[in-house]
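Here the structure comes first, spelled out in structure tokens, and everything after it is commentary.
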Amino acid sequence: MSRSFLFDRHPGIQLVAAFSSSLAHDPDSSSAVWDAVTDPERAAAWYSDSLTLPATIGWPNHLLHQAVLRITNFADLLPTAVVVAATSLHPTTYKDLEVLLERAFPEALSPGDSPNNEQRIFLRVLLDNSSLWESVPPRASRGLDISLALVGLPPDHSSLSVIVSS
């Protein structure tokens, strides 16, 4: 994909160009993705004349994953992570939380470690989202259990609460 598309007059063209893997580490590409992920409703309006494009790119799930690839500082992602963690259960919830947990905890917590402030905020919101913890079939919640375990966190609500409160 030509880098020149990142400077097209239409922000939707800029965003599609930013999704190109060849531009994944380009600061202008990251900026286009960040602008879209911080206001996905505005970004979706860029495609109001095309009903297929947002569905094709997995809107807004794909935006989140593109942002996580480009933004290494979890503090910058925290506002988006909080929104995702507070959202009711939907088909991509566990995958979205997985990529955010991996970014929040680039190294798994070891026993006795405490989460930092940004991690703690994210986990508190996650704990407060009852749709993730109550009346969820065991098979469906395994995605969250596995994601939590991979970053050194317990998969059950009460144990995770103890860590977040410590």
Side-chain angles (χ1 to χ4, degrees), residues 15 18-19 21 23-45 54-166:
L15 184 59
F19 287 163
S21 60
L23 299 174
H25 301 292
D26 184 295
D28 293 316
S29 171
S30 296
S31 179
V33 170
W34 184 245
D35 288 346
V37 81
T38 56
D39 193 351
E41 291 169 3
R42 179 179 57 100
T56 303
I57 60 176
W59 204 267
N61 175 266
H62 192 68
L63 278 176
L64 173 68
H65 291 254
Q66 290 293 320
V68 169
L69 287 173
R70 289 166 169 77
I71 300 163
T72 57
N73 182 357
F74 184 69
D76 292 338
L77 278 173
L78 184 59
T80 299
V82 164
V83 169
V84 172
T87 302
S88 295
L89 197 60
H90 58 83
T92 65
T93 297
Y94 295 122
K95 187 64 178 164
D96 296 346
L97 291 173
E98 177 185 342
V99 297
L100 287 167
L101 283 164
E102 288 172 357
R103 179 60 71 220
F105 297 90
E107 295 185 24
L109 284 184
S110 297
D113 287 350
S114 294
N116 66 33
N117 190 48
E118 289 82 13
Q119 294 166 333
R120 196 177 304 279
I121 291 167
F122 176 52
L123 293 174
R124 273 193 195 113
V125 174
L126 193 72
L127 285 165
D128 289 344
N129 184 345
S130 61
S131 75
L132 298 174
W133 304 98
E134 298 170 3
S135 305
V136 178
R139 186 168 176 248
S141 67
R142 284 201 33 83
L144 182 58
D145 294 353
I146 292 167
S147 296
L148 288 166
L150 288 173
V151 297
L153 295 168
D156 65 284
H157 190 276
S158 59
S159 298
L160 186 57
S161 293
V162 170
I163 290 173
V164 170
S165 298
S166 63

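Numbers here simply count residues along the sequence, with the first being 1.
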Side chain to side chain contact (heavy atoms under 4.5 Å, CB included) filter on L78, not counting sequence neighbours, yields F74, V82, E118, I121, F122
For D28, the salt bridge (charged side-chain N to carboxylate O under 4.0 Å, His left out) test, sequence neighbours excluded, returns R3
Which atom pairs, donor and acceptor, lie under 3.5 Å between side-chain atoms of residues 100-112 and protein residues at least two apart or in another chain?
unit_1 : atom_1 : unit_2 : atom_2 : d
R103   : NE     : V68    : O      : 3.3
R103   : NE     : I71    : O      : 3.0
R103   : NH2    : V68    : O      : 2.6

Check your understanding: Short question: side chain of S31, backbone of P27 - any donor-acceptor pair under 3.5 Å?
Key -> no
Side chain to side chain donor-acceptor pair (under 3.5 Å) pairs touching residues 70-82, sequence neighbours excluded, are S29-R70, Q66-R70
When rounded to the nearest 0.5 Å, the distance separating OG of S88 from CG of N129 is 6.5 Å
Check whether any side-chain heavy atom of S114 sits under 4.5 Å from a side-chain heavy atom of R120, and report yes or no. yes
Is a side-chain donor or acceptor of W133 paired with a backbone partner of L126 at a separation under 3.5 angstrom?
yes
CG (L148) and CG (L97) are apart, to the nearest 0.5 Å, by 8.5 Å
Residue set satisfying salt bridge (charged side-chain N to carboxylate O under 4.0 Å, His left out) with E98, at least two apart, ordered chain then number -> K95
Result block: side-chain N/O donor-acceptor pairs under 3.5 angstrom for residues 158-166, not counting sequence neighbours:
unit_1 : atom_1 : unit_2 : atom_2 : d
S158   : OG     : D156   : OD2    : 3.0
S159   : OG     : D156   : OD1    : 3.1
S159   : OG     : D156   : OD2    : 2.9
S161   : OG     : H157   : O      : 2.9
S165   : OG     : S161   : O      : 2.9
S166   : OG     : I163   : O      : 2.7

Task: Student check: side-chain heavy atoms of Y94 and I146 closer than 4.5 Å - done: no
Here the pair of heavy atoms bringing V84 nearest to L64 is CG2-CD2, 4.0 Å
